[in-house]
Amino acid sequence: MIGSRRLRQLACIATRNLPPLRPLHSAGIIGAPFSKGQVRARGVESGPDHIRAAGLVERLLQQGCAVKDYGNLEFEQVSVDEPVGRLKSVRAVGSANQRLSVAMQKVKEGGHTAVMLGGDHSLAIGSIHGHAAALGHLSVVWVDAHADINTPLTSYTGNIHGQPLSYLLHELQSKIPVLPNFSWMKPCLSAGDLVYIGLRDVDPAEHYILRTLGVKMFSMSKVDQLGVAKVMEETCDHLSAKGKKPIHLSFDIDAIDPSITPATGTPVTGGLTYREGLCITEHLSQTGLLSAVDLVEVNPLRGQTQNDIHSTVSTAVDLLLACFGRQREGNHLQDYCLPEP
């Protein structure tokens, strides 16, 4: 029987004879420290720095990814931003998303898989717009406890982080009024190219919109019924039937159950487990079509304890690592090249 020390020696000898590893992925990271899409839960603007501080870049490099970190965007301070009807912070949200759209185009033109670290979910407007501006038609997988498809007229709160998809969808263009700092924004997504996973807190008007548009969606009750592996199989079948378009994953951390990710602004019980979240991101990575990822709504100020913050941030990092090919069972033979005891 070969001892553990000899196994480590053999593993190291084997890897010395392999050609140098080439990165399987290239991640282009943009931090978007922005919170004006919602007004109740300040602190979400610190999400990008917390995710980086948890070792995202270093761990991506360790698993064989090339990484270009573009740093955090700086957003214009809008001194006068009176409500427009029910809508709050319209000028700030429009300006920030225009800047993000331009930045996303730059990342995609650089050949990277884009990673947008939010910030609140209103940022998906600029993230998806910039992605589409660079590559054309997209598929979008929206993983969230909420549908975020209210229109300016149906929103109860006026917070734009609950509305981004209504701005992005061609089918809802007539429902979006002319708004300050939004003249740049043109719809870029079709309802048939959108899939929801994890819904469990949907407003009545959003139910009506989703039914009317025939959007493919997997509520948490559907995830429970089918199992997440079947959900991902059906998701990919649905999207591939429309043609193999680049996939944009927009992942709100509140999709995960708040027992795991409590440090977020609008937690809803009964969410995805940690393992289900990883299954979603691993499956999309394996399609070879994943082209951009949003990871939003990490809010350290909403954690009651340091453990709450750590659990939320570390889960966000693990979800992103899975988007870039991390396998839970281990990645490479070189992992076994341990120092001699």
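Only heavy atoms go into these numbers, but all of them, side chains included; no hydrogens, no water, no symmetry mates.
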Item to complete: Drop me the distance from Leu169's CG to Cys188's SG, to the nearest 0.5 angstrom.
Response: 8.5 Å

Worksheet item: For the residue pair Met220 and Gly198, what are the closest heavy atoms and their distance?
Response: CG-O, 3.6 Å

Practice prompt. Test Ser155 against every option in Thr151, Leu153, Thr157 by the side-chain contact (heavy atoms from CB on, under 4.5 Å) rule and name the one that passes.
Written response: Thr157

Discussion item. Taking Leu87 as the starting point, is it possible to reach Trp184 by hopping between hydrophobic residues whose side chains are less than 4.5 Å apart?
Written reply: yes

Discussion item. Any side-chain to backbone donor/acceptor pair from Ser166 onto Asn150? Under 3.5 Å, distance only.
Written reply: yes

Worksheet entry | Test item: Leu319 and Leu278 side chains (from C-beta on) under 4.5 Å apart, heavy atoms | yes

Fill in: Within one Ile-Leu-Val-Met-Phe-Trp-Tyr cluster: Ile280 and Ile128, side-chain cutoff 4.5 Å
no

Discussion item. Is it the case that the side chain of Lys222 and the backbone of Val231 share a donor-acceptor pair, with hydrogens and angles ignored and the cut-off at 3.5 Å?
Written reply: no

Discussion item. With a sphere of 6.0 Å drawn around NE2 of His137, does it hold more than 12 non-hydrogen atoms of other residues, nucleotides or ligands?
Written reply: no

Fill in: Heavy-atom pair with the smallest gap, counting every atom of Ala292 and Met104
CB-CE, 4.1 Å

Worksheet entry | Backbone N/O of Cys323 and side chain of Ser285: donor-acceptor pair under 3.5 Å | yes

Worksheet entry | Straight-line distance of Met116 CE to Phe34 CZ, nearest 0.5 Å | 11.0 Å

Worksheet item: Which heavy atom of Ala27 sits nearest a heavy atom of His112, and at what distance?
Response: C-CB, 4.1 Å

Discussion item. Same cluster or not: Leu213 versus Tyr167, using hydrophobic residues (I, L, V, M, F, W, Y) connected whenever any side-chain heavy atoms lie under 4.5 Å apart?
Written reply: yes

Practice prompt. With rounding to the nearest 0.5 Å, note down the distance linking CG in Leu135 to NZ in Lys245.
Written response: 13.0 Å

Worksheet item: So do Pro152 and Pro177 actually touch side chain to side chain, heavy atoms under 4.5 Å?
Response: yes

Discussion item. side-chain contact (heavy atoms from CB on, under 4.5 Å), that's the test. Do Ile51 and Val317 meet it? Break it down for me.
Written reply: CA-CA 6 Å; Ile51 293 170; Val317 171; 4.0 Å; yes

Discussion item. Ignoring hydrogens, what is the shortest heavy-atom contact between Gly37 and Ser122? Give both atom names and the distance.
Written reply: CA-OG, 3.6 Å

Item to complete: With the side chain counted from C-beta on, respond yes when Phe324 and Val115 share a heavy-atom pair under 4.5 Å apart, and no when they do not.
Response: yes

Practice prompt. Would you check if the side chain of Ser311 reaches a backbone N or O of Asn307 as a donor-acceptor pair within less than 3.5 Å?
Written response: no

Item to complete: Please check if Tyr274 and Val298 belong to a single hydrophobic cluster, counting links between Ile, Leu, Val, Met, Phe, Trp and Tyr side chain heavy atoms closer than 4.5 Å.
Response: yes

Discussion item. Between Thr281 and Gly277 (side chain of the first, backbone of the second, donor and acceptor by atom type, cut-off under 3.5 Å), is there such a pair?
Written reply: yes

Worksheet item: Is the shortest heavy-atom distance from the side chain of Asp201 to the side chain of Asp254 under 4.5 Å?
Response: no

Discussion item. I need the Ile253 CD1 to Asp294 CG distance, nearest 0.5 Å.
Written reply: 12.5 Å

Discussion item. Within this structure, what is the OG1-NE2 distance for the pair Thr212 and His207, rounded to the nearest 0.5 Å?
Written reply: 12.5 Å

Item to complete: Flag the pair Arg302 / Thr264 as yes when at least one side-chain heavy-atom distance between them is below 4.5 Å, and no otherwise.
Response: no

Worksheet entry | With His161, the side chain to side chain donor-acceptor pair (under 3.5 Å) member among Gln38, Glu297, His121 | Glu297

Practice prompt. Rounded to the nearest 0.5 Å, what's the gap from OG on Ser101 to CG on Leu123? Could you check?
Written response: 12.0 Å

Worksheet item: When you look at Leu289 and Leu239, which way does the side-chain contact (heavy atoms from CB on, under 4.5 Å) test go after all the steps?
Response: CA-CA 11 Å; Leu289 297 172; Leu239 295 179; over 6 Å; no

Worksheet item: Can you get from Val293 to Val313 by hopping between Ile, Leu, Val, Met, Phe, Trp and Tyr side chains that sit under 4.5 Å apart?
Response: yes

Worksheet item: Does some side-chain heavy atom of Leu165 sit less than 4.5 Å from a side-chain heavy atom of Leu189?
Response: yes

Fill in: Shortest non-hydrogen contact from Ser95 toward Glu76
OG-OE1, 3.1 Å

Worksheet entry | Test item: Asp49 and Ser46 side chains (from C-beta on) under 4.5 Å apart, heavy atoms | no

Item to complete: Check whether any side-chain heavy atom of Ile160 sits under 4.5 Å from a side-chain heavy atom of Lys88, and report yes or no.
Response: no

Practice prompt. Tell me, with the steps shown, if Leu272 and Val143 meet side-chain contact (heavy atoms from CB on, under 4.5 Å).
Written response: CA-CA 10 Å; Leu272 297 165; Val143 184; 3.8 Å; yes

Discussion item. Testing Val202, Val140, Leu210, Thr235 one by one against Tyr196 for a side-chain contact (heavy atoms from CB on, under 4.5 Å), which residue passes?
Written reply: Leu210

Item to complete: Please confirm whether the backbone N or O of Gly270 pairs with a side-chain atom of Asp257, one donor and one acceptor, at under 3.5 Å?
Response: yes

Discussion item. Surrounding NZ of Lys175 (heavy atoms of other residues, nucleotides or ligands, distance under 6.0 Å), is the total greater than 12?
Written reply: no

Worksheet item: Do Arg326 side-chain atoms and Asp318 backbone N/O form a donor-acceptor pair below 3.5 Å?
Response: no

Worksheet item: Under 3.5 Å, is there a donor-acceptor pair between the side chain of Arg200 and the main chain of Ala255?
Response: yes

Item to complete: Determine whether the side chains of Asn72 and Arg52 contain a donor N or O and an acceptor N or O closer than 3.5 Å.
Response: yes

Discussion item. Between Arg91 and Leu179 (side chain of the first, backbone of the second, donor and acceptor by atom type, cut-off under 3.5 Å), is there such a pair?
Written reply: no

Discussion item. One pair to check against salt bridge (Lys or Arg N to Asp or Glu O under 4.0 Å): Glu109 and Lys106. What are the steps and the verdict?
Written reply: CA-CA 5 Å; Glu109 288 165 0; Lys106 181 179 178 181; over 6 Å; no

Fill in: His238 atom NE2: more than 12 heavy-atom contacts under 6.0 Å
yes

Worksheet, complete the sentence: Closest non-hydrogen atoms of Ala133 and Gln105, given as atom of the first, atom of the second and distance, are CB-CD, 3.5 Å

Discussion item. Tell me whether Glu206 contacts the main-chain N or O of Asp148 through its side chain, where contact means a donor paired with an acceptor under 3.5 Å.
Written reply: yes

Worksheet item: Do the ring planes of His131 and His248 sit parallel (below 30°), tilted (30 to 60°) or perpendicular (above 60°)?
Response: tilted

Worksheet entry | Intermediate values then yes/no, side-chain contact (heavy atoms from CB on, under 4.5 Å), Leu117 and Leu56 | CA-CA 11 Å; Leu117 304 177; Leu56 174 63; 4.2 Å; yes

